[in-house]
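Okay, structure first, notes after.
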Amino acid sequence: MSHEHVSYLELLARGAGTEAYDRPVLLARASGAGPEALAELEEAKQLALRVRAELEGRRRREAELSALFATAHDLAGLRDLDAVLRAIVQRARSLLGTEVAYLSLNDPAAGDTYMRVTEGSVSARFQQLRLGMGEGLGGLVAQTARPYVTDDYFDDARFQHTRTIDTAVRDEGLVAILGVPLSLGSQVIGVLFAADRRARVFEREQVALLGSFAAHAAVAIDTANLLAETRSALAELERANDIIREHSGVIERASEVHDRLSELVLHGGGVKDVAQAVSEVLGGTVEFSEQGAGAAPRAGGHAVREGDDWVAAVSAGGETLGALVLHGQPDLDPVDQRTLERAALVTSLLLLARRSAGEAEQRVRGELLDDLLDAPDRDRRLLKERAARLRTDSEAPHVVLAARIERAGGTTDPDAGGREGADRQRLWSAATHLAATRHGLASARDGGTVLLLPLGPRESATDLARQTARSLGGTLREPVTVGASAPVRAPLDRPDQVAVAYEEARRCLDALVLLHRTGQGAAAEDLGFLGLLLADGRDIDGFVDRTIGQVVAYDRRRGTDLVRTLDAYFASGMSPARTKDELHVHVNTVAQRLERVGRLLGPDWQSPSRALEIQLALRLHALADAVNGK
């Protein structure tokens with residue numbers, strides 16, 4: 001490893017800024033390094049920058065999850081509601097990288113909304129702001145119960161501006177604002193905001209993250225209210241000791257499940273582990289269901305009873321991912337309900353982390369395949385190392401497959417463009433999952449997807465194309481057409497062949513569509529002489545063998561003259577009478593030979609399409625014999 005490569009590793013190790021990565025190249029250029037060395041250094045720099053970007057993304061996601069877990073821990077040991085809400089606002093401001101974050105709550109008694117917690121605010125007027133219900137950006141969030149983002153507050157006319165609110169916002173200097181609702185059931189009790197004093201775009205992940213913090217804040221407020229209600233009930237009930245013992249057991253269970261869930265998260269537990277832990281603590285059976293949320297999403301994050309079951313929605317950023325379903329405990333204590341809800345919250349965090357990791361791997365697989373298609377001159381050693389990290393067998397024969405969703409009809413529908421984009425996204429998602437399952441690669445390309453998949457034992461390119469069409473079509477519930485190339489042996493040793501194979505697969509895919517075989521999978525060898533024209537390798541011998549090979553072999557074994565009879569038969573306009581004159585044999589002999597041909601080639605050998613292929617194969621066979629001097 002060169003000194004410059006070590007320098008890039010040192011830069012990665014100490015987390016240097018991006019500008020530091022230019023220094024090794026500048027030093028090498030100053031010392032008179034040649035073009036090849038400078039090109040190698042530039043490639044190493046780009047690779048190091050990609051690694052740095054990936055590491056920064058992972059550190060950011062780890063920081064987000066850590067902050068969410070820390071907030072969940074604060075809620076479990078809730079002592080001071082103000083402290084918990086301040087921590088939520090501080091973490092939201094830090095992770096979203098905004099200059100200001102704040103939280104407002106509704107005051108039912110006064111009939112307005114007031115600032116509860118602010119972080120980064122410098123204006124006393126803004127910190128003491130009270131506004132009427134339904135006014136301003138916060139009023140729109142409260143009215144719709146959905147997140148709302150504006151890139152420029154004062155140029156946004158989609159919500160009601162008032163002099164009081166605009167004056168306070170202008171005094172604070174805010175420009176870009178993101179607000180998410182704090183909801184208890186169907187009721188919005190307040191809004192959590194993140195804002196900047198400059199124009200900016202909030203990404204979807206940032207909206208989901210702030211929504212998760214808002215869910216924590218709502219749980220904190222709800223828990224505080226629940227504790228207040230419990231204290232009031234204990235003060236009024238005469239049998240205080242019995243109630244204390246009863247609630248003691250519930251709180252112990254809640255504490256136990258919190259400890260177990262925290263341990264599971266820290267040690268890499270999964271969704272099934274969470275369900276098992278909650279099952280043991282609550283004394284029932286808990287399972288995760290992707291379709292079992294039912295009415296739970298409308299319950300605003302609370303567990304709801306459905307028959308004898310309790311259901312808690314697993315959701316994040318307004319997206320329902322499934323539900324935790326508790327069987328066997330129809331009479332569930334309110335605190336145990338909160339335990340089930342918190343388990344659902346932990347489950348949503350685990351699913352988001354798993355999705356994030358999966359999307360990162362999908363991007364890496366797509367980037368490797370894009371490099372093979374677009375830059376086959378890259379360092380093969382580096383390509384193999386990247387493939388090994390993805391558990392791809394680079395030595396096995398692979399097939400390149402082109403897949404596309406084909407819809408009938410024209411494009412006059414105004415929604416067609418959006419639907420096609422959605423189709424491509426769904427196809428890419430299904431293809432990347434299939435590629436990961438089969439230890440291959442997938443990428444979006446040319447209005448569809450391209451896959452590079454290894455061949456299994458005794459598996460042909462045709463088999464793989466048909467399996468891929470069935471798998472993708474079954475997943476998407478849409479006909480998916482798949483064209484396959486001929487096998488490419490050790491594609492990472494011959495990366496230039498991958499692009500060639502992709503063009504062959506695309507031609508095969510286009511041919512399938514022209515032949516009205518949408519929803520099917522095939523390789524060029526399945527399309528007869530059309531496949532011969534499509535295939536880049538022009539496998540003439542293979543075409544002849546597949547078409548009339550059995551007849552040629554029969555003549556060779558038996559010393560018969562079936563090939564010559566076929567040639568004369570077609571030359572005579574498929575007339576047995578003229579054929580017998582050409583061959584100088586009896587017409588019965590011609591009939592017997594043609595019957596033998598039918599048994600060898602199949603009963604449809606005289607159909608127009610088969611007859612055309614057979615005649616082409618006879619010409620190619622005769623040409624080959626002439627070339628070989630036979």
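What you see is a predicted model, and the numbers here were worked out from it, not measured in a lab. Numbering starts at 1 and runs along the sequence shown.
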Does either side chain, that of [X] or that of [Y], offer a donor lying less than 3.5 Å from an acceptor on the other one?
| X | Y | answer |
| --- | --- | --- |
| Glu135 | His161 | no |
| Tyr148 | Arg158 | yes |
| Ser121 | Gln127 | yes |
| Asp166 | Tyr153 | yes |
| Thr98 | Asp196 | no |

Ion pair present between Glu172 and Arg197, side-chain N to carboxylate O less than 4.0 angstrom?
->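 So Glu172 pairs with Arg197 through a salt bridge.
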Charged N to carboxylate O below 4.0 Å: is that the case for Arg404 and Asp446?
-> no
Report yes if some heavy atom in the side chain of [X] is under 4.5 Å from a heavy atom in the side chain of [Y]; otherwise report no.
| X | Y | answer |
| --- | --- | --- |
| Leu105 | Ile221 | yes |
| Leu103 | Leu85 | yes |
| Tyr114 | Leu131 | no |
| Thr118 | Val100 | no |
| Thr113 | Arg130 | no |
| Leu476 | Leu427 | yes |
| Val89 | Leu192 | yes |
| Leu96 | Leu178 | yes |

Once you round to the nearest 0.5 Å, how far does CZ of Arg438 lie from NE2 of His433?
-> 12.5 Å
About how many Å separate CZ of Arg86 and CD of Glu119, when rounded to the nearest 0.5 Å?
->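 It comes to 10.0 Å.
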For the residue pair [X] and [Y], what are the closest heavy atoms and their distance?
| X | Y | value |
| --- | --- | --- |
| Tyr102 | Ile177 | OH-CG2, 3.8 Å |
| Val180 | Val207 | CG1-O, 4.3 Å |
| Thr449 | Ala431 | OG1-CB, 3.9 Å |
| Val188 | Ala145 | CG2-CB, 3.8 Å |
| Leu451 | Ala403 | CD1-CB, 4.3 Å |
| Ala435 | Ala442 | CB-CB, 3.8 Å |

If only atom types and distance count, is the side chain of [X] paired as donor or acceptor with the main-chain N or O of [Y] below 3.5 Å?
| X | Y | value |
| --- | --- | --- |
| Ser94 | Gln90 | no |
| Ser429 | Gln425 | no |
| Gln206 | Glu203 | yes |
| Ser212 | Ala208 | yes |
| Asn106 | Pro108 | no |
| Arg424 | Ala444 | no |

Does Phe213 have Arg91 sitting over its ring (NZ/CZ under 6.0 Å from centre, angle to axis within 45°)?
->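 So Arg91 doesn't make the cation-pi contact.
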Should we say atom CZ of Arg146 is surrounded by more than 12 heavy atoms from elsewhere, each under 6.0 Å from it?
->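 No - once you tally the heavy atoms of other residues, nucleotides and ligands closer than 6.0 Å, there are 12 at most.
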